[in-house]
Undergrad: 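If you scroll down you'll find the structure; I have some questions about it.
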Amino acid sequence: MKKGQLLYEGKAKKIWESEDPGLLIAQFKDDLTAFDAQKRSHATGKGALNCKISAKLFELLQDQGIPTHYVRCLGDNEMVIKRAQMIPIEVVVRNIAAGSLSRRLGIPEGKRLPFALVEFYYKNDELHDPLINDEHALMLDLVPHEGDLEELRRLGREVNVVLKSFFDKANLLLVDFKLEFGRLEDGTIVLADEISPDSCRFWDKESGERLDKDLFRHDLGDVKVAYEEVLRRIQGVMGE
Ligand code: UDP
């Protein structure tokens with residue numbers, strides 16, 4: 001499948017049109033950014049790792065009945081995806097306190113939460129992706145119906161149930177993660193964007209070692225080595 005016009009370039013991906021109007025091509029970049037892109041770097045091969053990890057996780061979720069935009073892999077760092085209208089909400093699901101939750105509410109990092117916490121953030125770089133509630137989302141017209149927010153929350157929780165038990169088998173704690181959703185032409189809400197160590201926190205169950213973008217955020221180690229390890233463990237659980 002050949003790439004057409006470049007539709008969008010974000011911090012970690014480029015989205016291209018394809019020969020099929022219903023399908024797009026997502027190309028995963030080797031760039032790393034953190035803290036509103038104030039910190040930047042590059043890790044050759046990171047894009048391919050995130051592409052492979054996302055593909056495996058989308059396949060896993062699709063097998064469990066969760067609709068995604070994923071169609072198939074294309075080369076090392078590209079995947080074919082369904083064209084969808086992106087919903088400008090980042091859905092964050094948390095099992096263990098870390099990052100902005102710990103900073104905002106003073107919950108010690110590493111504390112297990114009594115239930116999976118789902119949060120909505122307004123995806124807007126200029127405003128630095130602020131935390132919002134349902135009424136903000138409706139006021140800003142981020143979704144047309146209140147029921148859509150319930151659907152995002154439900155899908156977030158379902159994804160968490162599947163991924164938490166999957167990563168448990170990979171000897172990793174799924175601390176938290178961010179999801180993005182899009183709407184297909186027929187109105188169906190599907191999981192989109194990516195699920196990778198750039199958008200999740202993974203801690204080794206025994207050592208507590210971090211195997212995610214926090215390594216880059218806080219200069220704690222080699223991102224590529226860690227992402228390779230995440231892929232290796234995913235493949236191990238999938239019996240590959
Ligand atoms: N996250 C993300 N993109 C964002 C913000 C957060 O992928 O723009 C992910 C992040 O990697 C973590 C989870 O969402 O797995 C929760 O992030 P948090 O709100 O704690 O943000 P941070 O600590 O990065 O400020």
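Whatever order the structure lists ligands and atoms in, that order sets their numbers, starting from 1. In what follows, residues are counted from 1 in the order of the sequence shown.
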Undergrad: Report the relative orientation of the aromatic rings in Y70 and F58; use parallel for angles under 30°, tilted for 30 to 60°, perpendicular for over 60°.
TA: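 Y70 vs F58 ring planes: parallel.
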
Undergrad: Give me the residue, atom name and distance of the protein heavy atom closest to atom 1 (N) of ligand 1.
TA: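 Answer, as residue, atom name and distance: K178 CB, 3.7 Å.
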
Undergrad: Below 4.0 angstrom from a heavy atom of R103, which ligand 1 atoms are there? Numbered from 1 as shown, please.
TA: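 In order of number, 22 (P), 23 (O), 25 (O).
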
Undergrad: Would a single hydrophobic cluster contain both V175 and F216, if residues Ile, Leu, Val, Met, Phe, Trp and Tyr are joined by side-chain heavy-atom contacts under 4.5 Å?
TA: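 No, F216 and V175 fall in different hydrophobic clusters.
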
Undergrad: Under 4.0 Å from a heavy atom of C200: which atoms of ligand 1 are those, numbered in the order shown and with their elements?
TA: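 Counting atoms of ligand 1 from 1, those under 4.0 Å from C200 are 15 (O).
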
Undergrad: Kindly write out the residues that satisfy side chain to side chain donor-acceptor pair (under 3.5 Å) with R72, not counting sequence neighbours, or none if the list is empty.
TA: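 Partners of R72 by the side chain to side chain donor-acceptor pair (under 3.5 Å) criterion come out as none, since no residue qualifies.
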
Undergrad: With a 4.0 Å cut-off on heavy atoms, is R217 in contact with ligand 1?
TA: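 R217 counts as a contact of ligand 1 under the 4.0 Å cut-off.
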
Undergrad: Write out the residue and atom name of the closest protein heavy atom to atom 15 (O) of ligand 1, then the distance separating them to 0.1 Å.
TA: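 Checking every protein heavy atom, the shortest distance to atom 15 (O) of ligand 1 gives D176 OD1, 2.6 Å.
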
Undergrad: My understanding is that only one of E9, E78, Q5, Q27 makes a side chain to side chain donor-acceptor pair (under 3.5 Å) with W16; could you say which?
TA: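 The option that passes is Q27.
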
Undergrad: Which pair of non-hydrogen atoms, one from D214 and one from R210, has the smallest distance, and what is that distance?
TA: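 Reported closest heavy-atom pair: OD2-NH1, 3.1 Å.
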
Undergrad: Tell me whether F35 reaches ligand 1 (any heavy atom closer than 4.0 angstrom to a ligand atom).
TA: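 Outside the 4.0 Å threshold, so no.
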
Undergrad: Mind checking whether E229 and D204 have side chains closer than 4.5 Å, heavy atoms only?
TA: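 No; the side chains remain at least 4.5 Å from each other.
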
Undergrad: Considering the heavy atoms of G99, write down every atom of ligand 1 situated less than 4.0 Å from one of them.
TA: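 Atoms satisfying the 4.0 Å criterion: 20 (O), 23 (O).
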
Undergrad: Apart from L113 itself, what residues make up its hydrophobic cluster, given side-chain heavy atom links below 4.5 Å?
TA: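 When side chains under 4.5 Å apart are linked, the cluster holding L113 also contains L101, L105, I107, F115, L117.
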
Undergrad: Going by the atom numbers of ligand 1, which of them fall below 4.0 Å from some non-hydrogen atom of D198?
TA: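 Per the distance check, 7 (O), 11 (O).
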
Undergrad: In terms of side-chain heavy atoms, does D198 have a donor or acceptor partner in S196 at a distance below 3.5 Å?
TA: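 Distance-only check fails for D198 and S196.
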
Undergrad: Closer than 4.0 Å to some heavy atom of R94 - which atoms of ligand 1 meet that?
TA: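 What qualifies from ligand 1 is 16 (C), 18 (P), 19 (O), 20 (O).
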
Undergrad: Which of the atoms of ligand 1 are close to R201, meaning less than 4.0 Å from one of its heavy atoms?
TA: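 Within the 4.0 Å cut-off of R201, ligand 1 contributes 12 (C), 15 (O), 16 (C), 17 (O), 18 (P), 20 (O), 22 (P), 23 (O), 24 (O).
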
Undergrad: Under 4.0 Å from a heavy atom of E90: which atoms of ligand 1 are those, numbered in the order shown and with their elements?
TA: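 Near E90, meaning under 4.0 Å from one of its heavy atoms, ligand 1 has 4 (C), 5 (C), 8 (O).
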
Undergrad: Residue-level breakdown please: for A34 versus ligand 1, do any non-hydrogen atoms fall below 4.0 Å on the side chain, on the backbone, on both, or on neither?
TA: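 The answer is neither; A34 stays 4.0 Å or more away.
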
Undergrad: Give the atom numbers and elements of ligand 1 that come within less than 4.0 Å of a heavy atom of Y121.
TA: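 With Y121 as reference, the close atoms of ligand 1 come out as 19 (O).
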
Undergrad: Knowing that exactly one of D129, L142, L140 qualifies, which makes a side chain to side chain contact (heavy atoms under 4.5 Å, CB included) with I89?
TA: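 Checked D129, L142, L140 against I89; only one passes side chain to side chain contact (heavy atoms under 4.5 Å, CB included): L142.
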
